[in-house]
Amino acid sequence: MSSNLPQRAAARLRDRQQYMIDSYHRELERIGSALVADGAVWDECVTQARQIIADCAESLATGQANVAEVALDRFVNMAERRGIRGIRPDCSVRAALILYELVLGEAADALGPGPDEPDRIVTLATALGLSLFSRLEAGAKGYDAFLLEQIRIVNDADRRKLARDVHDRLGNTLSLAMHQLEIVAAGDPKGANGITAAVDVLSDAIAELGEITTGLRSAEGRNSLRDALTAFVRSVGRTTPIEIRVNGSQSWVSTEVMDETFLILREALRNAFTHAEATCVVVDVDIAPHEIWARVVDNGIGFDLTVPRRANGLHSMRERAELLSGSVTLSSSPGSGTRVAVWIPLPIGME
């Protein structure tokens, strides 16, 4: 068995890339996949397929499972675009299975029979699985974020509609009733005291109604986490490009928990601005009825997690999260940026 076989097999896999992508397209068309019905979506699929095949070729050549890191923020945007088009994650799962079989079959043909073939196929299958499923995981998280944002939009619309209905229907009726009582009181001095009392009660009811409708209209906008984070970024005067996305409804979270979440994310941003030397920072927050997931990711210089360093800010973030029964995890390596992940559980039924 030639020692150059893995390199030759890797080269063949790269040479057969377009053939595999064409076969991939034909099979998706055969099953009626929505991924090939839209040109822009298919272009995204091709880009990802090329990266997956490149991962597999590199793994064949080196004999180790090598998978390029997946950028979560890219998949959040991709999942949102697909969600808007009505493309669900199960389409991606079916497509992944098709590509898995195609690439694995091509690799087996390229390697041919031999005593080392099973080990190399295992290495390739590991790399292929990691490359595919890391993308599926990121896409699923992106789709969850998209759904949470749709829920928030629906909740906001329902609140505004309720506020309009209460004001327009009940508010106008109460105002008309009070006006009629005032007319009667003016023409009947003997019953004026009782009528005046009724007018006072109606006045109080109308005032309370105004407070309710105002609260309904401003419930989501008041103390918005997105606005608070944006204000902090402006206050420090940083020019680093930053993207802040908050999905889901803050009505599911108590004021105390939301304040603590803001303080944790503010500290993560402060660290990114101060130490990371990043050219881009992305903040993603997903609020569900039962939990908050948040990520602060930068493309800065990163650092070695095994090297002891002063990290008072990280200790503070972890303490705040732990007091809420949550957690803060950090991942980084030199030259690869830093990712801070925050998880906070929410009491069921929180309003």
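Computed over heavy atoms, backbone and side chain alike; hydrogens, waters and symmetry mates excluded.
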Can you tell me if Ser131 and Arg135 form a side-chain donor-acceptor pair at under 3.5 Å?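 Looking only at side-chain atoms, Arg135 and Ser131 do form a donor-acceptor pair, the distance falling under 3.5 Å.
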
Is a donor from one side chain sitting under 3.5 angstrom from an acceptor on the other, for Gln51 and Asp55? no

Do [X] and [Y] share a hydrophobic cluster, counting only Ile, Leu, Val, Met, Phe, Trp and Tyr and linking them when any side-chain heavy atoms are less than 4.5 Å apart?
| X | Y | answer |
| --- | --- | --- |
| Leu28 | Leu97 | no |
| Val328 | Phe232 | yes |
| Ile301 | Val297 | no |

How long is the straight-line distance from [atom2] of [Y] back to [atom1] of [X], given to the nearest 0.5 Å?
| X | Y | atom1 | atom2 | value |
| --- | --- | --- | --- | --- |
| Leu130 | Ser59 | CG | OG | 8.5 Å |
| Asp259 | Arg266 | CG | CZ | 10.5 Å |
| Met20 | Arg14 | CE | CZ | 11.0 Å |
| His25 | Gln18 | NE2 | CD | 11.0 Å |
| Met317 | Leu263 | CE | CG | 11.5 Å |
| Leu324 | Glu319 | CG | CD | 12.0 Å |

Mind checking whether [X] and [Y] have side chains closer than 4.5 Å, heavy atoms only?
| X | Y | answer |
| --- | --- | --- |
| Thr261 | Val342 | no |
| Asn271 | Thr338 | no |
| His275 | Phe303 | no |
| Arg245 | Val282 | yes |

Ala61: what forms a side chain to side chain contact (heavy atoms under 4.5 Å, CB included) with it, not counting sequence neighbours?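 Ala61: side chain to side chain contact (heavy atoms under 4.5 Å, CB included) contacts with Ala10.
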
Students often mix this up, so state it plainly: with edges at 30° and 60°, are the rings of Trp343 and Trp293 parallel, tilted or perpendicular?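 Plane angle between 30° and 60°, so tilted.
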
With Ile292, the side-chain contact (heavy atoms from CB on, under 4.5 Å) member among Asp286, Val257, Leu225: Val257

Pick one: which of Val46, Leu102, Leu99 meets side-chain contact (heavy atoms from CB on, under 4.5 Å) with Ile21? Val46

Arg26: partners by salt bridge (Lys or Arg N to Asp or Glu O under 4.0 Å), with sequence neighbours left out: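 With neighbours one apart ignored, the set is empty.
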
What residue pairs, at least two apart or across chains, pass salt bridge (Lys or Arg N to Asp or Glu O under 4.0 Å) with a residue in residues 30-53? Glu27-Arg30, Asp38-Arg85, Glu44-Arg81, Glu44-Arg82

Heavy atoms only: give me the nearest Ala107-Leu60 pair and the separation to one decimal. CB-CD1, 4.4 Å

Is there a donor-acceptor pair closer than 3.5 Å between any side-chain N or O of Arg226 and the backbone N or O of Val246?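 Yes; at least one donor-acceptor contact below 3.5 Å.
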
